[in-house]
Amino acid sequence: MAKNLVIVESPAKAKTIEGFLGKEYTVKSSFGHVRDLPDKGISIDIENGFKPNYVVSDDKKKIVDELKKLSKAADMVWLATDEDREGEAISWHLKEALNLDDKHTKRITFNEITKTAIQKAITKPRTIDIDLVNAQQARRVLDRLVGFELSPVLWKKVKPSLSAGRVQSVAVRLIVEREREINNFQSTSFYKTVALFKVGSSVMKAELNKRFAKHEDALAFVEACKKAAFSIEDLVKKPGKKSPSAPFTTSTLQQEASRKLGFSVARTMSVAQKLYEAGHITYMRTDSVNLSETALNGAKEEITKSFGANYSNTKQYTTKSKGAQEAHEAIRPTYMNNHEAGNDAAEQRLYDLIWKRTIASQMADALLERTTVTIDVSGRNEKFIAEGEVIKFDGFLKVYMEGTDDETDDNTEGMLPPLKVGEKLNYNEISSTQRFTHHPPRYTEASLVKKLEELGIGRPSTYAPTISTVQKRNYVVKEDREGKKRQYDNILLTNGAIKEEKKEENTGAEKSKLFPTDIGMLVTDFLVQHFGYYGLWFHGKRRKRI
DNA sequence: CAGTGAGCGAGCTTCCGCTTGACTT
């Protein structure tokens, strides 16, 4: 029997660590939390200091018995659960459930799974941080009280089996409020004027720096263009750069896999889990953008070998999200020199995304040259503006470009032909087209996760389950909607003649967007009315029961 | 007389966050 028992949260992690520590150490996993409030009833003694009544969860009885036996036989038990609020609580629960005494128990933490990090952790044990444990208990108790007091009110007043809680009710409210914003949105139209100028054998596109509100003003401008002369008034070149994004966290992986691969957040997580269990990537539930020393070196080596030393720019990123607890590394390939991994197409594509994002994060900025051309229209104050962008050094763009959520028509900026100030220009065509302002976008699963993270609501392990809960309760549906036909005006000037047309386009089509249901809106209004800030104040004052 | 239906009462649902399988479909 080994002298030392090390307990971590995840079995895959246990397997890896056992290899680092040698024969004196047995490494086991708790499979997450081992104790919790029971499923039924509040189970909190509100009269006596809100004392929680914890029980060993049914699915953890076997593992707790096994850990009990192993801990009795060991000289020392090392509680090596994650270095965050929940991890500290898991260690404390293990100590309670296994009846561990202080003399034979040590608490260690590490936030990367490397041999040096583990060995260093063993030399610096500490005791359980009871303040952090209490913070977790406060979180747990509050969530139970809110969820189990509020939900039955909904059963009575609205419909059985509904639910409310600190996280899910906010998620639903965000979707409901966005839908109402969209319904109240008054779209206005304007005229966007674009010219195509002949420059040698190529064509340069330029947009007018004024948008006309009225059809008659747009028409008057295009009319004036018939006789106007066009010349280059100004030519400005400015250097620019693009920097790579930080390596993936759970939330950014979910967003990018949704944009680039069309995965739902649940799909992303289950595919990532398989890659993790096969040892291809690091832990997939993380809020950290940190990379270990070995990862940084591995990336540098790989970039230098594949692209040259001038493409390498080794750096550490700092988290932007305020609630981050950073118990793990960022999501990255375990071995940087593995360019491909995975058993099926989904795993391979997700791995490819993770590999590229990680490698790109350690590559040099892309260097650009942005050119802005101002074109004078004789007899008018408005100017046409043409913009061009030339990549001087591609840097990280060689492997990876982050996707965007933008739905606006893409203005692909390319190279501009050679030009000089004062040069006269002739147009091929000038058009003024009626465009419409957009309502704020509906949430996708991934953009909702992004919003929740910004608000500090939910954790990496709960983003995907929360999204499925609000759909399971039928508060929210994920749907495609067909667009509507819309007419718009187009004024076109070619060869000195103006042609006016009514054209038709499809607008408002949605794909895989989140829509609130009637019940979602009703429950949100009910909760806001009775349990929003003023609702709580009202009920407290009047001690009114509902 | 047999079948129907109104009315009553009991028991169930639910939170968030940490982990995987063990289940169906």
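None of these values were measured; they are calculated from a predicted model. Proteins get letters first, then strands, A, B, ... in listed order; numbering begins at 1 in each.
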For the pair A:Asp75 and A:Lys3, find out whether any cationic side-chain nitrogen is under 4.0 Å from an anionic carboxylate oxygen. no

So do A:Lys513 and A:Thr444 actually touch side chain to side chain, heavy atoms under 4.5 Å? yes

Rounded to whole Å, the CZ-P distance (A:Arg144 to B:dT13) equals 12 Å

Take N1-N3 plus N6-O4 or O6-N4 for Watson-Crick, N1-O2 plus O6-N3 for G-U, both under 3.5 Å. Which runs of 3 or more such pairs involve DNA chain B? none

Looking at every non-hydrogen atom in both residues, tell me the closest pair between A:Arg85 and A:Leu132 and how far apart they are. CG-O, 3.8 Å

B:dC16 C1' sits how many Å from A:Gln137 CD, rounded? 15 Å

Looking at the side chain of A:Trp155, which of B:dC16, B:dT13, B:dC15 is the nearest nucleotide? B:dT13

In whole angstrom, give the distance that lies between atom CG of A:Asp36 and atom C1' of B:dC15. 10 Å

Smallest separation among heavy atoms of A:Phe526 and A:Leu154, with atom names: CD2-CD2, 3.7 Å

Polar-atom pairs under 3.5 Å, protein N or O versus N or O of nucleotides 7-12 of chain B: list them with distances, or write none.
none

Is there a side chain to side chain contact (heavy atoms under 4.5 Å, CB included) between A:Thr319 and A:Glu326 once you walk through the steps? CA-CA 9 Å; A:Thr319 181; A:Glu326 311 201 68; 3.3 Å; yes

Any side-chain N or O of A:Arg473 under 4.0 Å from OP1/OP2 of B:dT13? no

OP1 or OP2 of B:dC15 versus the side-chain N and O atoms of A:Gln168: is any pair under 4.0 Å? yes

Which part of the nucleic acid does A:Glu149 contact within heavy-atom distance under 4.0 Å: base, sugar-phosphate only, or nothing? nothing

So with a 6.0 Å cut-off around NZ of A:Lys315, is the heavy-atom count from everything else above 12? yes

So what does A:Ala164 touch, heavy atoms closer than 4.0 Å: a base, only the sugar-phosphate, or nothing? sugar-phosphate

Using side chain to side chain contact (heavy atoms under 4.5 Å, CB included), reason through A:Tyr283 and A:Lys13 one step at a time and then give a plain yes or no. CA-CA 9 Å; A:Tyr283 198 57; A:Lys13 197 166 161 181; over 6 Å; no

So, does A:Arg107 use its side chain to make a donor-acceptor pair with the main chain of A:Thr81 at under 3.5 Å? yes

Quickly work out the A:Ile42 CD1 to B:dT13 C1' distance and round it to whole Å. 14 Å

The contact string for nucleotides 18-25 of chain B, one letter per nucleotide 5' to 3', using protein heavy atoms under 4.0 Å with B, S and - for base, sugar-phosphate only and none, comes out as BBS-----

If every non-hydrogen atom of A:Thr250 is compared with every non-hydrogen atom of A:Arg285, which pair is closest and at what distance? OG1-CA, 3.1 Å

A:Asp143 has an atom CG; how far is it from atom C1' of B:dT14, in whole Å? 13 Å

Using a strict cut-off of less than 4.0 Å between a Lys/Arg side-chain nitrogen and an Asp/Glu carboxylate oxygen, indicate whether A:Asp352 and A:Lys260 qualify as a salt bridge. no

Quick one: label A:Arg35 by what it contacts on the DNA or RNA (base, sugar-phosphate, nothing), any heavy atom closer than 4.0 Å. nothing

Starting from C1' on B:dC16, measure out to NZ on A:Lys472 and report it in whole angstrom. 14 Å

Touch check for A:Val146, heavy atoms < 4.0 angstrom, all strands: base, sugar-phosphate only, or nothing? nothing

With a non-hydrogen cut-off below 4.0 angstrom, is A:Leu37 in contact with a base, only sugar-phosphate, or nothing? nothing

Side-chain N or O of A:Ser163 closer than 4.0 Å to phosphate OP1/OP2 of B:dC15: yes

Minimum heavy-atom distance A:Met76-A:Thr105, with the two atoms named: SD-N, 3.7 Å

Taken to the nearest whole Å, CG/A:Leu145 to C1'/B:dT14 is 13 Å

Whole-Å distance, A:Leu527 CG to B:dT14 C1', equals 13 Å

If you count heavy atoms of other groups shown closer than 6.0 angstrom to CG of A:Asp518, is the number above 12? no

With centres under 5.5 Å and planes under 30° as the test, does A:Phe148 stack with B:dT14? yes

Would you mind classifying the nucleic acid contact of A:Arg139 as base, sugar-phosphate or nothing, using non-hydrogen atoms under 4.0 angstrom? base

Beyond-backbone contact of A:Thr282 with A:His328, side-chain heavy atoms, under 4.5 angstrom: no

